[in-house]
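This report refers to the structure that appears directly beneath it.
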Amino acid sequence: METEVVIIDEQNIDEKALEALKHAGEIIKKGGLVAFPTETVYGLGGDALNPESSKKIYAAKGRPSDNPLIVHVADMESIEKIVKEVPEEAYKLADAVWPGPLTMIMNKSDAVPYETTGGLDTVAIRMPSNKIAAELIRQSGGYIAAPSANLSGRPSPTEAKYCVEDLDGRVEMIIDGGQVGIGLESTIVDLTVEPPMILRPGYVTREMLDDILGGVSIDKTILSADSGVKPKAPGMKYRHYAPKGDLTIVEGDPEKVTEYINKEIEKLRAEGVKTGVIATSETRDLYKADVVKSAGNRDDEEEIARNLFSILRQFDDENVGCMYSEAFNENGIGQAIMNRLLKAAGHKVVRI
Ligand code: AMP
Ligand code: MG
């Protein structure tokens with residue numbers, strides 16, 4: 001299949017852009033797939049209420065079919081059709097953070113096919129704030145099922161070129177809306193349990209949810225290395241975001257971390273292994289690896305979040321065999337950063 005790539009400026013959705021989005025909407029309504037930007041990462045969209053579209057999404061990504069998709073909507077009224085009942089908490093959360101990077105789990109209605117929910121009786125719903133995404137949802141009939149627009153197991157795409165890399169020839173269209181703002185996937189909160197439970201950390205933090213709802217719990221598997229415990233979000237059990245090379249996180253006193261990593265790199269280089277380091281602006285010049293990437297300033301979690309997945313992909317492009325990453329602090333979105341980094345590293349952490 002020939003994949004059409006169209007460029008749209010989110011800040012200037014003019015007549016031409018609207019035409020393109022209408023065309024993209026037609027593709028989705030007819031059962032086709034379109035990759036599109038959201039504020040978190042790029043999504044791979046199909047009609048959420050069409051079981052054939054969801055099957056195509058799994059096939060295009062090579063995604064296990066027990067890993068449910070998130071249904072994207074553009075307004076609050078749309079939710080009523082796809083859930084049994086809208087819980088009180090959903091209105092509170094929607095008021096505070098929608099449109100935005102939060103996904104809510106509710107009990108699904110019969111309108112949502114099991115193909116979309118991976119066989120579950122619950123459905124994950126999000127209202128993205130990206131204007132291209134919102135218009136595309138409206139043009140597509142109101143319900144777009146969209147996981148991240150990467151091949152299963154690869155880091156989520158933060159730029160359209162990564163969608164092209166993974167999905168060229170597998171989808172009808174890719175909409176290039178530039179680099180995304182956040183860079184990590186949405187926070188997921190399950191509203192079918194009491195108190196609501198965070199299943200995946202993201203830009204919307206536990207503190208923010210606590211403030212809005214007056215108490216939430218958190219799935220214990222999120223930051224633990226215990227692979228014996230099954231996470232509540234089916235997708236979280238997979239080794240996502242995995243770079244091709246071997247990644248280890250090194251945690252501890254910054255000076256000692258640098259010293260340890262440089263020693264390991266020296267050994268690996270003697271063995272002829274190509275090495276890489278994920279550093280910060282403060283430390284990038286201290287490393288002797290073949291490829292050193294700064295994720296950003298140590299105290300700027302938002303910058304680090306935006307850069308992380310792209311860095312993992314760049315290491316793949318440069319065929320780095322062995323990588324080390326500094327551990328990042330867990331303020332704000334930092335918890336989500338460490339959650340994704342731990343998964344990328346297969347929970348390999350050295351504490352010194
Ligand atoms: P992705 O869109 O690729 O970030 O993946 C969607 C994530 O949402 C996966 O981790 C899924 O397991 C999770 N998810 C989607 N629907 C549900 C649901 N009904 N219950 C729990 N987790 C879900
Ligand atoms: Mg994903």
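Both counts, for ligands and for their atoms, begin at 1 and track the order of listing.
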For this session: May I ask you to list the atoms of ligand 1 that are less than 4.0 angstrom from any heavy atom of Ala124?
Result: 15 (C), 16 (N), 17 (C)

For this session: Output yes when Glu19 and Lys16 qualify as a salt bridge under the 4.0 Å nitrogen-oxygen rule, no when they do not.
Result: no

Exercise. Would you call Asp290 and Arg269 a salt bridge, using N to O less than 4.0 angstrom?
Worked result: yes

Problem set entry | Option with minimal heavy-atom separation from atom 19 (N) of ligand 1, where the choices are Thr192, Leu69, Thr122, Val41 | Thr122

Problem set entry | Under-4.0 Å salt bridge between Lys267 and Glu264 | yes

For this session: Please determine which of Thr205, Thr187, Ile182 meets the side-chain contact (heavy atoms from CB on, under 4.5 Å) test together with Ile333.
Result: Ile182

Seminar exercise, completed: Hits for side-chain contact (heavy atoms from CB on, under 4.5 Å) against Glu4, two or more places apart or cross-chain, chain-then-number order -> Val6, His23, Met173

Problem set entry | Interfacing atoms of ligand 1 (cut-off 4.0 Å, heavy-atom, Arg200) | 1 (P), 4 (O), 5 (O), 7 (C)

Exercise. Does Asn67 approach ligand 1 within less than 4.0 angstrom via side chain, backbone, both or neither, non-hydrogen atoms only?
Worked result: side chain

Exercise. What atoms in ligand 1 come closer than 4.0 Å to a heavy atom of Leu120?
Worked result: 18 (C), 19 (N), 20 (N)

For this session: State, yes or no, whether a side-chain contact exists between Arg154 and Tyr162 at a heavy-atom distance under 4.5 Å.
Result: no

Exercise. For ligand 1, which atoms, with element, lie under 4.0 Å from some heavy atom of Ser148?
Worked result: 1 (P), 2 (O), 3 (O)

Exercise. Thinking salt bridges, do Arg313 and Asp317 make one under a 4.0 Å N-O criterion?
Worked result: no

Exercise. Quick one: which of Leu44, Asp190, Ile105, Thr103 has a heavy atom closest to atom 18 (C) of ligand 1?
Worked result: Ile105

Exercise. For Ser186, which of Thr38, Thr103, Thr40 qualifies under side-chain hydrogen bond (donor to acceptor under 3.5 Å, both in side chains)?
Worked result: Thr103

For this session: Tell me which part of Ile188 gets within contact of ligand 1: side chain, backbone, both or neither, using heavy atoms under 4.0 Å.
Result: side chain

Problem set entry | Selected option - heavy-atom contact closest to atom 23 (C) of ligand 1, from Gly43, Pro147, Pro68 | Pro68

Exercise. Would one find an N, O or S atom of Ser152, in either backbone or side chain, under 2.8 Å from the Mg ion (ligand 2)?
Worked result: no

Problem set entry | Which of the ligand 1 atoms, numbered from 1, are nearer than 4.0 Å to a heavy atom of Leu199 | 21 (C)

Problem set entry | N/O separation below 3.5 Å, Arg63 to ligand 1 | yes

